[in-house]
Q: 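Below you'll find the structure I mean.
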Amino acid sequence: MQADFWQERWQRNQIGFHQAVVNPYLQRHWPVLPPGSRVLVPLCGKSLDLVWLAGQGARVLGVELAPQAVEAFFAEQGLQPAVVRRGAFDCYSAGALEVWCGDFFALTADDVADCTALYDRAAMIALPPDMRQRYVRHLTAILPAGCVGLLVTLDYDQSVLAGPPFSVPDEEVRALWSGGWQVDQVECRDILDEGGKFVSAGAQRLDERAYRLKL
Ligand SMILES: C[S@@+](CC[C@H](N)C(=O)[O-])C[C@H]1O[C@@H](n2cnc3c(N)ncnc32)[C@H](O)[C@@H]1O
């Protein structure tokens, strides 16, 4: 998925992936972390999950390509962010919330050296196969050992519908994250009754899974 694709989605407000409520798996399965822990949220959009994480006492580092998304996030939260340039990113911050606007793949180990947690909802599954392999490799290369996290995925018959969101079956999740991560599935639900376009396309199941991660 090239940058233009996502910029256009945001420009046209085609953001069906955005959730109007905090993700329930996050609320159910997020680990208790020491106050002030820094959490990396790649491909964060304008997710309310960022706000929930900050409400748990975390410092949040979201990374998002589309400036429209970043600006909408702070505006909708009634926050006036400070904006500074840092390397390849425009870094927006307000209190415990930081969103770096730029390409996730430009993030360095220095940038995330103090991150002890990772939250991925609709990030890995937003990427086609070659890119999601690169995505996981990049996270593994830059995040410090001991990092914990939560990953939320979708698994459906990819032949009935093209992504994004892409189907990433359990076996692929385990293969992708096998390079140093401990992967534990904590929940799996068939959400086909919530997935209008999947039903119309003829999908027979739409499994949403949550995994706890540890590097
Ligand atoms: C499917 S959306 C998910 C957003 C968010 N995680 C959520 O749950 O609402 C994927 C997001 O990733 C952003 N994105 C795509 N490629 C990116 C990249 N290389 N670097 C940073 N953000 C990216 C898109 O602009 C889009 O907002």
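For the numbers below, each heavy atom of this structure counts, side chains included, while hydrogens, waters and symmetry mates do not. Both counts, for ligands and for their atoms, begin at 1 and track the order of listing. For the single chain, residues carry numbers from 1 onward in sequence order.
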Q: Under a 3.5 Å distance rule, please check whether Asp120 uses its side chain to pair with a backbone N or O of Ala123 as donor and acceptor.
A: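 Yes, because the side chain of Asp120 sits within donor-acceptor range (under 3.5 Å) of the backbone of Ala123.
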Q: For the side chain of Glu64 and the backbone of Ala66, is there at least one donor-acceptor N/O pair under 3.5 Å apart?
A: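 Side chain of Glu64 to backbone of Ala66, a donor-acceptor pair under 3.5 Å: yes, one is there.
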Q: Does any N or O in the side chain of Asp49 come within less than 3.5 Å of the main-chain N or O of Val22, such that one atom is a donor and the other an acceptor?
A: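 No: the side chain of Asp49 does not pair with the backbone of Val22.
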Q: Just by modelled atom types, is the Arg85 backbone N or O under 3.5 Å from a matching donor or acceptor in the Asp90 side chain?
A: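 Not a single qualifying donor-acceptor pair exists.
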Q: Would you call the rings of Phe104 and Tyr135 parallel, tilted or perpendicular, where under 30° means parallel and over 60° means perpendicular?
A: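 Phe104 vs Tyr135 ring planes: tilted.
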Q: Should the pair Phe105 and His138 be assigned to parallel (<30°), tilted (30 to 60°) or perpendicular (>60°) ring geometry?
A: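 Taking His138 first and then Phe105, their aromatic rings sit tilted (interplane angle of 30° to 60°).
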Q: Under 4.0 Å, heavy-atom basis, I'd like to know which part of Cys44 is in contact with ligand 1: side chain, backbone, both or neither.
A: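 Backbone only.
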Q: Is the closest N or O pair between Arg121 and ligand 1 shorter than 3.5 Å?
A: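 Among all N and O atoms of Arg121, at least one is under 3.5 Å from an N or O of ligand 1.
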Q: In this structure, does ligand 1 have an atom that sits under 4.0 Å from one of the heavy atoms of Ala123?
A: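 Flag not set, Ala123 not near ligand 1.
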Q: Under 3.5 Å between any N/O of Leu65 and any N/O of ligand 1: does that happen in this structure?
A: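 Checking ligand 1 against Leu65, an N or O pair does fall under 3.5 Å apart.
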Q: If the cut-off is 4.0 Å to any non-hydrogen atom of Phe104, which atoms of ligand 1 fall inside it?
A: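 That gives atoms 18 (C), 19 (N), 20 (N), 21 (C) of ligand 1.
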Q: Could an N or O of ligand 1 be found under 3.5 Å from any N or O of Trp10, whether backbone or side chain?
A: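 Yes, at least one N or O pair falls under 3.5 Å.
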Q: Would you say Leu43 has any N or O atom under 3.5 Å from an N or O of ligand 1, going by distance alone?
A: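 Yes: some nitrogen or oxygen of Leu43 is under 3.5 Å from one in ligand 1.
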Q: Short list, please: which atoms of ligand 1 are under 4.0 Å from a heavy atom of Asp103?
A: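 Going through ligand 1 atom by atom, the ones under 4.0 Å from Asp103 are 18 (C), 19 (N), 20 (N).
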Q: Looking at Gly102, which atoms of ligand 1 are within less than 4.0 Å of one of its heavy atoms?
A: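 This gives 20 (N), 21 (C) as the contact atoms.
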Q: Establish, yes or no, whether the cationic atom of Arg121 lies under 6.0 Å from the six-membered ring centre of Tyr25 and within 45° of the ring axis.
A: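 Judged by the rule, Arg121 and Tyr25 form no cation-pi pair.
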